[in-house]
Structures are given as C-alpha cells and as structure tokens.
Enquirer: 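Structure in structure tokens, see below.
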2 protein chains.
Amino acid sequence: MDHLSAPNHLAEDDLTTWAALATVLEWLPPALDAPLVRDFDLTHFEYGILFALAEAPDHALRMSVLASYANSSLSRLSRAISRIEGRGWVQRTRDPLDGRSTLATLTETGLEMLEKATPVQAQTVTELVLEPLTNAQRRQLREISLRIQRAIREQEGWQPPRPLLSDND
Amino acid sequence: MDHLSAPNHLAEDDLTTWAALATVLEWLPPALDAPLVRDFDLTHFEYGILFALAEAPDHALRMSVLASYANSSLSRLSRAISRIEGRGWVQRTRDPLDGRSTLATLTETGLEMLEKATPVQAQTVTELVLEPLTNAQRRQLREISLRIQRAIREQEGWQPPRPLLSDND
DNA sequence: GTAGTTTGCTTGCTCAGTCAAGTAATCTTG
DNA sequence: CAAGATTACTTGACTGAGCAAGCAAACTAC
C-alpha cells in the first residue's frame, strides 16, 4: 500500500477518517435536499435565498448582497432568481438608489412557501445531523467545522468565502 | 421560537452547529478538488476512478463494479470514463466473459498520472482536514461521520449508497 | 432453438453551474 | 461636463450530472 517517497498515502486511521468524511460530503447534501425537492420542488440553495430575503428589511436585498449571504456567485444567483421569479416567489426591481443594482423582493406567495418549507427543512437537519449525535459531538462538530473552514481560508490563493451569515435552518 | 406543531426553527446552539457544517459542506469539496484540477486537470471523482482501477487485479474493472466503488451512477461513470479515455488514461474493452459488460483498464500513462496525483491529494486532505484537528477530534469526526451516514441510510426511501469501499487515497 | 426477458452499458435531453463577454448605470478626472 | 473607468448585474457558450429511453448480449422457457 505504499511505494515511493512522499506522504503518498495516509496512515490507516487517517484514511478511515477521511473515507468516512468523504462519504458524508457526497451523501449528505442530496439527502438534505431530498424532502425539500420532493415536497416543494425547492433546492436547499433556493430555500436559502427565500430565507435570506425573509430576514431582510422590506423582504428585499440587492443581488450582490444576497449572493454574499447565499455564498453564491452572482451569475449562479442571477439564474436562480430567474427560476424562482418564474414561479412568482420573488420579483426583481431596479434599485432607485443606484440604477445599476437590482433588488430581489420576496412576494407574498414566496413567503407562504418559505413558511411551509421551514419546518420540513428543520426536521431534516435535525433528523440527519443533530439527533444522531450526542451533545458533546454536536459541540465537537461545530469546532471541527470551524477549524476546517479556517484551514480552507488560509489556503494559498483563497478568496474570502464572503461575509456569510448565510446558511440557515 | 415555535408556532404550529413542528420544530419550526432550530435552537440557537444547533443552528450555529448546522451553519458551521453547512459552510463546510459547501466549501470543502471545491477546496479539495482545486489542487488536483489545477495541477492535473483531474477532478476528485476522476481521481477516484484511477485509484480504484490501480488497486484492481490487472488494473481493470467492470463498469458496474467501478460505479459501485466510485459511489456513482452508471451514466455518470460512463461519461467520466469517456473523458479520461480521451486523454489516454483508461481503455474500454468488451469483457470476454460476458459480452454485455465493459472492462475499464488503466493504461500505463494513467498509472503515471495517478502516481503523480496521489501525493498531491494526500497533502490536500492532510492540510485541510487532518492537520487542523487534534487526535481526539479526528476520532470524533470519524464517529460523527459514521452516525450521520447511518441516519441517511435509515431515512425513508433510502436506497443503499452501494457497497462502498470507495473513497480513497 | 427461438421468443421474450433481463442485464449492462450508452446516449439524448434537459438543467444547473462556471467563465467570460456584454450592457447599462454611475463615478472619476482632467 | 465629456471620456474613460468601474460597478452590478445578465447572458451566451460550454460542461457535468440525472433521468429515461435505447441497444446489444446473455439468460430462460418452452
């Protein structure tokens, strides 16, 4: 299981740790999305957009600010907004204070949708992530996540992952 | 913090835990991919394929078996193999034992590629995941990941994430 | 041994995402 | 106050993934 020179392979223990994490990285996101998609035809990402808008004053945010909150590129957000605008859950308007900016505003229908989706999403997170863990493990998971985040940010050529107040319940 | 019946919102602590994890779920996969893509134009998924083939007898596996190992759908694998076949790193041949099956075989060039990529990938995993954690946290991460995996598998309508021996290096 | 089913993969269609180019509004500078 | 940046998006071209339909090889049953 090893040949040449470098840290060519990970130690046995580390390898199993990594394999366990890798599986979670692969399976957890779709598992978290599934109920939302099934019941509301809404992805986690789109849900996050509605959530952020609902929190905002006047239920409106500039595209660029919303992109920050949603940890998204502007172009990804632009297309996502187009999609949910098509379903009548948000509206775009030109920002009167700066004609370059676009304001995304949550509609009444969008708010209703969000209020139906929220408990479903909370339930999924609880069921898949929180409930299986002990209290100590939840604390550890928080700390572990923060350390990994820090390592990513410190990486060569890393561009700040945005303000993030983002991800939600 | 609750209205109707269900857990409409998460408790404060749980919410920060979840937010921390959600950020990792979003940022870690691309961060893990970056060096491999930059240096070898190889995604983690493609790397996994080469890795699995290298481990296999004769450096060959049936598509369906390889799909299991790579935790992938057959169609995703089929396209991925087409891509890396185009670069000369694998070859497809009809299985002589069963004409329906296709054998994917690692080429000499593919093996060389893998041997260059492996230490890079090991280094990235070490840097981003292992090194930032204490030994206790690594153990905890393993246990936490396994518990979350179990919760996912136990979920309604879950179809077994395949044999998995998969994720690698 | 041939008709019908199943298996193992491939491929067409569609969709979400990225990158880079395009566009309109605003700011800057002489 | 115009010419040239810069900002804030939007959009076109392209890529990778999923789903479902397609296709050929192998089994199964009479």
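A, B, ... follow the sequence lines: proteins, then strands. Residue 1 opens every chain. Because the structure is predicted, anything quoted here is derived from the model rather than measured.
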Enquirer: Which is more 5' along DNA chain C, the nucleotide nearest Ser82(B) or the one nearest Phe45(A)? Just name the residue.
Expert: Ser82(B)
Enquirer: Could you tell me whether the side chains of Thr17(B) and Arg139(A) share a donor-acceptor contact shorter than 3.5 Å?
Expert: no
Enquirer: What is the distance, to the nearest angstrom, from the CZ atom on Arg79(A) to the P atom on dC19(C)?
Expert: 12 Å
Enquirer: Tell me which of Arg76(B) and Arg83(A) sits closer to the 5' end of DNA chain C, going by the nucleotide each one is nearest to.
Expert: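 In this pair, the answer is Arg76(B).
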Enquirer: In whole angstrom, give the distance that lies between atom CG of Asp41(A) and atom C1' of dA16(C).
Expert: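 From Asp41(A) CG to dA16(C) C1': 13 Å.
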Enquirer: Distances under 3.5 Å between protein N/O atoms and the N/O atoms of nucleotides 8-10 of chain C, please, pair by pair.
Expert:
| residue | atom | partner | partner atom | Å |
| --- | --- | --- | --- | --- |
| dC9(C) | OP1 | Met63(B) | N | 3.3 |
| dC9(C) | OP1 | Thr102(B) | N | 3.1 |
| dC9(C) | OP1 | Thr102(B) | O | 3.4 |
| dC9(C) | OP2 | Ser64(B) | N | 2.8 |
| dC9(C) | OP2 | Ser64(B) | OG | 2.5 |
| dC9(C) | O3' | Thr102(B) | OG1 | 3.3 |
| dT10(C) | OP1 | Arg92(B) | NH1 | 2.9 |
| dT10(C) | OP2 | Ser78(B) | OG | 3.0 |
| dT10(C) | OP2 | Arg92(B) | NH1 | 3.0 |

Enquirer: Quick one: closest heavy-atom pair of Leu61(B) and Val65(B), and the distance?
Expert: CD2-CG1, 4.1 Å
Enquirer: Going by an N to O cut-off under 4.0 Å, is there a salt bridge joining Asp14(A) and Arg138(B)?
Expert: yes
Enquirer: Side chains of Thr105(A) and Arg92(A): any donor to acceptor distance under 3.5 Å?
Expert: no
Enquirer: Rounded to whole Å, how long is the line connecting atom CD1 of Ile81(A) with atom P of dG17(C)?
Expert: 12 Å
Enquirer: What integer distance in Å separates Ile84(A):CD1 from dA16(C):P?
Expert: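 So the two atoms are 12 Å apart, to the nearest Å.
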Enquirer: Would you call Arg147(B) and Glu143(B) a salt bridge, taking side-chain N to carboxylate O under 4.0 Å as the test?
Expert: yes
Enquirer: Nucleotide range of DNA chain D contacted by chain A, 5' to 3', under 4.0 Å to a heavy atom?
Expert: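 For DNA chain D, the relevant span reads dT7(D) to dA13(D).
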Enquirer: Output all residues satisfying salt bridge (Lys or Arg N to Asp or Glu O under 4.0 Å) with Arg142(A), sequence neighbours left out; order by chain, then residue number.
Expert: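 Not a single residue meets the salt bridge (Lys or Arg N to Asp or Glu O under 4.0 Å) criterion with Arg142(A).
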Enquirer: Name the residue from Leu74(A), Val90(A), Ile81(A), Leu103(A) that meets the side-chain contact (heavy atoms from CB on, under 4.5 Å) definition with Leu66(A).
Expert: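 The option that passes is Ile81(A).
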Enquirer: Are Val37(A) and Leu42(A) packed together at the side-chain level, in the sense that at least one heavy-atom pair is separated by less than 4.5 angstrom?
Expert: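 Heavy-atom side-chain distance check fails, nothing below 4.5 Å.
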